[in-house]
Undergrad: 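One structure follows; several queries about it will come next.
So you know, we letter chains A, B, ... as the sequences are listed, proteins then strands, and number each from 1.
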2 protein chains.
Amino acid sequence: MRMTSKIEAFVMHCGEMGSRWGFNRTIGQMVGLLVINESPLTANDISETLNISRGNVSMGIKELQSWRLIKTHHIPGDRKDYYAPDGSIWDLATRVFEERRKREMDPTLSLLRTVMLEEPANQQEQFAQEKMFEIHELLETVTVWANELQTMKPDNLKTLMKLGAGVGKVLDMKDKILNNKVAK
Amino acid sequence: MRMTSKIEAFVMHCGEMGSRWGFNRTIGQMVGLLVINESPLTANDISETLNISRGNVSMGIKELQSWRLIKTHHIPGDRKDYYAPDGSIWDLATRVFEERRKREMDPTLSLLRTVMLEEPANQQEQFAQEKMFEIHELLETVTVWANELQTMKPDNLKTLMKLGAGVGKVLDMKDKILNNKVAK
DNA sequence: TAGAGTGTTCAGTAATTTCTGAAACCTTAA
DNA sequence: TTAAGGTTTCAGAAATTACTGAACACTCTA
C-alpha cells in the first residue's frame with residue numbers, strides 16, 4: 001500500500017512525535033497511518049506500508065489496544081483482523097490524556113500519600129513533607145480538572161470557548177451569579 | 001549530603017517518573033532533590049548525593065534551565081553556583097505544561113498547516129486532509145484552553161473548583177446568564 | 001489429520017539514549 | 001602570569017529500548 005507524499009509526511013511526523021506523546025516511533029507511525037486511512041488495515045498492510053516486521057506490528061497493536069486507541073474489525077469470509085481507530089479524534093485524544101494521567105500522576109499521588117503518613121524525624125524532613133503536601137494538592141487539583149474536561153463533549157467545550165476570553169471570563173460569571181443570589 | 005529514607009524514596013521516585021514527565025531519570029532525580037531541599041545546592045552536592053558524575057550534573061542543569069525550572073543563587077565570597085527551584089510548585093508545574101505543549105503540539109500544528117494548504121490529489125488524500133483538519137482544530141482548542149488555565153493563579157483555580165462540580169457546572173452557569181439576558 | 005493462513009512470542013541484535021571522566025575552558029586572586 | 005577553584009564539553013562506554021525473524025500457536029477446511 002503506497003502512501004502519497006502528503007500522507008507519508010503526516011505518518012512520518014507522527015513517528016517523530018511518537019515518543020513525546022508517550023509511545024515510540026513505530027507506534028506513533030501506526031496511529032498516524034490508521035487515523036488518516038479511511039478503511040481499516042490488516043497487520044500486513046501496516047507491516048508493508050511502514051516497512052517494519054510483522055512481529056513488531058503485532059506488539060504495536062497490543063500496545064495500542066492497551067491505550068484503547070484502536071478496535072478490531074472483521075469482514076465476513078475473511079480470517080484476517082482489520083484495525084481502525086476506536087472513535088473520533090476527540091475520543092482518541094481523550095484516551096491518551098487519561099492514560100497519561102494514570103501513568104504520570106497516579107503513581108506519584110500514591111507515593112506521596114504513603115510518605116506523608118509518617119512523622120517527620122527532623123527539620124529537613126519537616127520541610128520535605130510540606131513540599132510533598134503541596135505537590136499532592138497540585139496533582140489532585142489537576143486530576144479533578146482533567147476529569148471534568150474529559151467528560152465534556154467536544155461540542156460543549158467549543159461552546160464554552162466561544163463564550164469569550166475563556167476560563168478567565170468564567171470567574172466573572174461566577175461573580176455575577178453570586179451577586180444575583182445576594183440581590184434576591 | 002546524606003538523604004533520609006523518606007527523602008530518598010521521593011527522589012528515587014522522581015527518577016523513575018522522570019522519563020514520563022518529559023526528561024530522563026537523572027534529571028528527574030535532580031528536580032526532586034532540589035524541590036524537597038530547603039536550601040540551594042551546588043553541582044557537587046548534587047553529584048555526590050545522587051552518585052552521578054560531575055559532567056552529568058552539568059548537562060542536567062543546562063537541561064533544567066532550558067525548562068526554566070531552576071535558578072542560580074550566589075553567596076557572597078563563594079564562587080560556586082547554587083541551584084534552587086525557580087518558583088513555587090505551581091510555577092514549576094506550569095512551566096512543565098507549557099514546555100511540553102510546545103514540544104508535543106506546536107510542531108504538529110505547524111506540519112498540519114503546511115500539508116493542509118495543498119490541494120488533495122485524490123479521494124484518499126481528501127479524507128486524510130479532513131482528518132488533519134480535525135486534528136488541527138483539536139490541538140488549537142487544547143492550546144487555547146491550556147493558555148487560559150496556565151495564566152490563572154492557583155487561588156483562582158481553587159476558588160473555581162470549590163464552586164461545585166467543576167466545569168460541568170460552569171455550563172449551567174452560562175445558561176443561567178444567557179437566560180437572564182433574554183428575560184431582560 | 002494435514003496443511004494453509006493468520007496471529008503471538010521472545011531470544012538475540014540493532015539502534016538510541018544516557019553517563020562518565022578527562023581535557024578544555026573561564027574567572028579571580030596573588 | 002600562574003595557579004586555584006570552579007564549570008562545560010564531548011568522545012567513547014554503558015545502559016536502555018526497540019526491532020527482527022524464526023519458532024510456536026491457533027483455527028479453519030478438506
Undergrad: Looking for any heavy atom pair under 4.0 Å, which part of the strands does A:Asp81 touch: base, sugar-phosphate only, or nothing?
TA: sugar-phosphate
Undergrad: Specify the separation, in whole Å, of atom CD of B:Glu63 and atom C1' of C:dT17.
TA: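 Those two atoms, CD and C1', are 12 Å apart.
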Undergrad: Within this structure, what is the CG-to-C1' distance between B:Leu50 and C:dT20, rounded to whole angstrom?
TA: 15 Å
Undergrad: Between D:dA18 atom C1' and A:Lys62 atom NZ, what is the distance in whole Å?
TA: 14 Å
Undergrad: Taking atom types as modelled, find out whether B:Thr42 and B:Asp45 have a side-chain donor-acceptor pair closer than 3.5 angstrom.
TA: yes
Undergrad: Between B:Asp91 and B:Thr94, does the side chain to side chain donor-acceptor pair (under 3.5 Å) criterion hold? Intermediate values first, please.
TA: CA-CA 5 Å; B:Asp91 294 334; B:Thr94 297; 5.5 Å; no
Undergrad: Rounding to a whole Å, what distance do you find between A:His74:NE2 and C:dT6:C1'?
TA: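 Whole-Å distance recorded here is 10 Å.
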Undergrad: With respect to the side chain of A:Arg54, which nucleotide from C:dG7, C:dA4, D:dT9 is positioned closest?
TA: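 The answer is C:dG7, which lies nearest to the side chain.
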Undergrad: In whole angstroms, how far is the P atom of D:dT27 from the NZ atom of A:Lys80?
TA: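 So the two atoms are 18 Å apart, to the nearest Å.
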Undergrad: Would you mind classifying the nucleic acid contact of B:Ile61 as base, sugar-phosphate or nothing, using non-hydrogen atoms under 4.0 angstrom?
TA: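 No contact.
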Undergrad: Whole angstroms only, please: what is the CG-P distance between A:Leu64 and D:dA18?
TA: 13 Å
Undergrad: If I take atom CE in residue A:Met59 and atom C1' in nucleotide C:dT13, what distance separates them, rounded to the nearest angstrom?
TA: 13 Å
Undergrad: Would you kindly give the CG-to-C1' distance between B:Asp45 and D:dG6, to the nearest whole Å?
TA: 14 Å
Undergrad: With nearest nucleotides of DNA chain D determined for B:Ala43 and B:Asn56 from heavy-atom distances, which residue corresponds to the more 5′ nucleotide?
TA: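 First, find each residue's nearest nucleotide; the 5'-ward one identifies B:Ala43.
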Undergrad: When you match A:Asp78 and B:Asn51 each to their closest nucleotide on DNA chain C, which lands nearer the 5' end?
TA: A:Asp78
Undergrad: Select from A:Arg79 and A:Thr26 the residue whose nearest nucleotide in DNA chain D is closer to the 5' end of that strand.
TA: A:Thr26
Undergrad: Is it the case that A:Gln129 and A:Glu125 place a side-chain donor and acceptor less than 3.5 Å from each other?
TA: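 Note: A:Gln129 and A:Glu125 side chains miss the donor-acceptor criterion.
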